[in-house]
Amino acid sequence: EREASDSADRRAMLCPSATAYRISLHSTIGASPHDNPGGHLGCGPDRSTRRTLPVVSFDVSADAYDRFMGRYSVPLAEVFADFAHITAGSRVLDVGCGPGALTSELLRRVGDAHVAAVDPSATFVEALRVRHPNIELHRAGAEHMPIADDAFHAALAQLVVHFMDDPVDGVREMGRVTEPGGIVAACVWDFDEGGSPLSLFWDAARDLDARARGEAALPGTRRGHLAALLREAGLDDVDDAMLSVTVEHGSFDEWWSPFELGVGPAGEYISGLGSSARRRLMERCRELLPAAPFSVTAAAWAARGTVRRR
């Protein structure tokens with residue numbers, strides 16, 4: 001009975017249409033929902049699907065990444081795997097696996113013998129090898145994977161496409177290693193409409209620094225763009241949706257401290273600030289958040305398509 005309820009709750013997180021919701025912040029001590037102020041970078045439909053921003057490095061420890069993004073990516077993995085229709089018997093590839101948030105969820109569903117993972121980071125690959133020593137694991141970028149054609153029933157990329165060197169080539173490569181009729185799926189945080197769990201941070205940064213670029217200009221982070229990338233990569237029957245997860249934070253420090261670990265664009269931005277500027281940013285974030293404890297409901301764009309017959 002509980003399993004049925006949990007499954008229903010997971011399905012309820014899947015919105016049937018690609019309707020975006022701004023990140024919602026709720027204090028668990030009675031504060032009203034808090035709508036983040038601040039503008040966002042323009043993301044018109046005529047922007048190129050190819051990368052125009054510098055490649056972001058994730059040269060950090062697996063523990064740092066887990067503390068920074070794992071708190072959101074672990075619950076997202078369950079919802080995303082539901083969206084991609086991953087069930088027992090599927091052979092699945094996790095592309096851009098990082099330390100293994102999605103990998104662990106796939107293993108729970110289909111078992112060690114049916115999961116493979118690939119990531120360009122040596123640190124993440126070694127960490128995942130320790131955590132899951134029995135899976136097939138490769139160190140490589142999404143655009144050039146050392147994997148045979150038609151090797152999987154599905155290939156998934158969670159929070160990865162916007163960091164690929166070439167998103168279209170990366171998704172096309174995911175299609176190459178997936179059998180005809182199989183599923184290719186990806187999800188990316190909603191930065192354009194403010195649904196990302198990092199959106200409040202970037203709002204605060206832009207309040208203090210007009211040069212703070214944020215991540216809304218990255219590929220796949222705006223409405224409809226992830227689906228467009230999949231279509232450009234040659235996938236059929238492309239569908240998209242909005243996925244959401246809610247994470248509880250017991251204190252402001254619990255929310256803030258992982259930002260200082262140097263992970264991703266937010267971490268790189270903080271690393272470039274002096275101590276006084278960093279302190280001002282921290283205090284601006286504190287002003288924008290509700291009183292602790294509070295919950296963060298974060299949204300991600302998701303798209304899936306089928307590999308056409310060759």
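What you see is a predicted model; the values in this text were computed from it and never measured. Start at 1 with the first residue, then count along the sequence.
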Kindly list each side-chain donor-acceptor pair under 3.5 angstrom involving residues 181-189, sequence neighbours excluded, with atom names and distances?
none

Going by atom type alone, with no hydrogens or angles, which donor-acceptor pairs under 3.5 Å involve a side-chain atom of residues 125-139 and a protein atom two or more places apart or on another chain?
| residue | atom | partner | partner atom | Å |
| --- | --- | --- | --- | --- |
| Arg131 | NH1 | Asp66 | OD2 | 3.1 |
| Arg131 | NH1 | Pro99 | O | 3.0 |
| Arg131 | NH2 | Asp66 | OD2 | 2.7 |
| His132 | NE2 | Ser104 | OG | 3.1 |
| Asn134 | ND2 | Asp112 | OD2 | 3.4 |
| Glu136 | OE1 | Arg91 | NH2 | 2.7 |
| Glu136 | OE2 | His138 | NE2 | 2.7 |
| Arg139 | NE | Pro120 | O | 3.0 |

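The ring pair (Phe, Tyr, Trp, His ring centres under 6.0 Å) search around Phe259 returns Phe68, Phe201, Trp255, Trp256, not counting sequence neighbours. Partners of Arg231 according to the salt bridge (Lys or Arg N to Asp or Glu O under 4.0 Å) rule, which considers only residues two or more places apart in sequence or in another chain, do not exist here. Arg309 meets the side chain to side chain donor-acceptor pair (under 3.5 Å) test with no other residue; sequence neighbours excluded.
At least one donor-acceptor pair under 3.5 Å links the side chain of Gln158 to the backbone N or O of Ser73. Arg109 places a side-chain N or O within 3.5 Å of a backbone atom of Glu78 that can act as its donor or acceptor partner.
For the pair Asp209 and Arg206, the salt-bridge criterion is not met [side-chain N within less than 4.0 Å of a carboxylate O]. Between Arg310 and Asp149 there is no salt bridge, since no side-chain nitrogen of the basic residue lies less than 4.0 Å from a carboxylate oxygen of the acidic one. Salt bridge annotation for Arg176-Asp169: absent, with no cationic side-chain nitrogen under 4.0 angstrom from a carboxylate oxygen.
Contact detail for Thr221 and Trp301: the closest heavy-atom pair is O-NE1, 3.1 Å. Contact between Val245 and Tyr72 at its shortest, heavy atoms only, is CG2-O, 4.1 Å.
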**Prompt:** Between Tyr269 and Leu281, does a side chain to side chain contact (heavy atoms under 4.5 Å, CB included) hold up when you go through it step by step?
**Reply:** CA-CA 11 Å; Tyr269 179 78; Leu281 176 57; 4.0 Å; yes
**Asked** Given Phe191 and Leu218, is the side chain to side chain contact (heavy atoms under 4.5 Å, CB included) satisfied, shown in steps?
**Response** CA-CA 9 Å; Phe191 283 102; Leu218 293 173; 5.6 Å; no
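Here the side chains of Glu143 and Glu173 are not in contact, with every heavy-atom distance at 4.5 Å or above.
Each side chain to side chain donor-acceptor pair (under 3.5 Å) pair with one or both residues in residues 271-281, not counting sequence neighbours, would appear here, but there are none.
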